Amino acid sequence: MIQIKGENAIAAMRIAGRITGEALYLGGQAVKDGVSTKHIDDIIRHHIEKCGAVPSFLGYGGFPGSACISINDEVIHGIPSKDRIIKDGDIVSIDVGARYRGYHGDSACTFACGSVSDEAKRLMEATERSFYLGAAKAVAGNRLGDIGAAVQEYAESLGYGVVRQYVGHGVGRELHEDPEVPNFGRAGHGIRLYKNMTIAIEPMITQGSYEVRVGRDGWLVTTVDGKLSCHYEHTVLVTEGEPELLTKV
Ligand code: MG
Ligand code: MG
């Protein structure tokens, strides 16, 4: 069931969103040659807990980290590890959630470590741009398919792949609520968007094929063709005008 949030819920989600956005920013600042993904996870967890919030991902379905940290051809759900060392030229996708007063924020971004290839830079920029094109459609009265169509049309016009197997989602008391928010679809189709819905829009854009697979640890999702993947996500409050990005800091 799709939840329309009340004023108290939205107030809590603004705080959860700010904490999430700050944690993601701090994690991104820590992306450096020679740093382990566990170190970044520690920074993120520390910030969330210091703010009186709870890392949404920690223990979610048994996930052992506070953030998902995924490198290069890894799409999502990378488990932080002290043995996983980031190198110059890597692109590092960090996905973070924080729960405050019972409500979640959810946000992700891909960061560059040092000097990355022009191809990687273009993919990062296109992924962020595709998010903003999709988010611009998150207006009351529009339809869900308007968001996915905007993301897909732009990403595919550049020759990139749009991951199908994983999608955005409603967010609120639960980290993943209805509706599913695909990054593909047809404009004018799907459910209608209402004021005070809160949804996570999160394009996962690949350099090659959109096909992905889950690794042996049961979590890590990588591209099947080994090409790069980028992720960009905010928790978005649907309004009658400009959508409010609750996790943007
Ligand atoms: Mg996320
Ligand atoms: Mg999400």
Side-chain angles (χ1 to χ4, degrees), residues 2-3 5 13 16-28 31 37 40-41 43-45 47-48 53-71 74-80 91-100 103-111 124 127-128 130-132 134-135 138 144 147-148 151 162-185 197-206 212 214 219-221 229-238 243-249:
I2 294 167
Q3 313 267 346
K5 270 69 179 184
M13 288 190 71
R18 180 178 49 74
I19 296 166
T20 301
E22 288 168 353
L24 180 62
Y25 172 78
L26 292 170
V31 168
T37 56
I40 292 173
D41 189 64
I43 288 168
I44 287 169
R45 180 176 182 169
H47 181 74
I48 292 171
V54 176
S56 303
F57 299 177
L58 191 59
Y60 186 89
F63 191 79
S66 296
C68 299
I69 307 179
S70 314
I71 303 175
E74 300 171 356
V75 182
I76 46 169
H77 299 171
I79 295 176
I91 58 168
V92 181
S93 298
I94 305 180
D95 191 353
V96 179
R99 192 179 80 236
Y100 185 81
Y103 287 90
H104 295 274
D106 188 6
S107 187
C109 184
T110 302
F111 299 93
M124 291 168 66
T127 303
E128 181 171 340
S130 75
F131 164 84
Y132 280 100
L144 198 60
I147 297 172
V151 172
V162 177
V163 172
R164 303 290 199 276
Q165 243 174 288
Y166 298 88
V167 294
H169 50 90
V171 53
R173 276 203 179 276
E174 303 294 332
L175 181 60
H176 297 116
E177 297 182 347
D178 290 336
E180 287 196 342
V181 182
N183 299 300
F184 51 92
M197 280 173 69
T198 44
I199 53 176
I201 301 174
E202 51 176 314
M204 288 151 264
I205 306 297
T206 60
V212 299
V214 180
W219 283 105
L220 183 65
V221 176
S229 183
C230 285
H231 190 193
Y232 194 91
E233 175 183 30
H234 281 297
T235 298
V236 179
L237 174 67
V238 176
E244 186 176 334
L245 306 185
L246 299 177
T247 43
K248 183 152 179 158
V249 292

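Everything numeric here is computed off the predicted structure, so don't read it as measured data. First listed ligand is number 1; within each ligand, the first listed atom is number 1.
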Q.
Going by the rule side-chain hydrogen bond (donor to acceptor under 3.5 Å, both in side chains), which residues pair with His231 if we only count those two or more places apart in sequence or in a different chain?
A. Glu202

Q: Quick one: list whatever passes side-chain hydrogen bond (donor to acceptor under 3.5 Å, both in side chains) with Thr235, sequence neighbours left out.
A: none

**Q.** Neighbouring protein N, O or S atoms of the Mg ion (ligand 2) [cut-off: under 2.8 Å, no waters]
**A.** Asp106 OD2, His169 NE2, Glu202 OE2, Glu233 OE2

Q | Contact summary for Pro182 and Leu144, nearest pair of heavy atoms | A | CD-CD2, 4.4 Å

Q. Within a reach of under 6.0 Å around OH of Tyr25, are more than 12 heavy atoms found that belong to other residues, nucleotides or ligands?
A. no

Q) Got a sec, which residues hit side-chain hydrogen bond (donor to acceptor under 3.5 Å, both in side chains) with His47, two or more places apart in sequence or on another chain? A) Glu22

Q: Give the minimum heavy-atom separation between Asn183 and Tyr166, together with the two atoms involved.
A: ND2-O, 4.2 Å

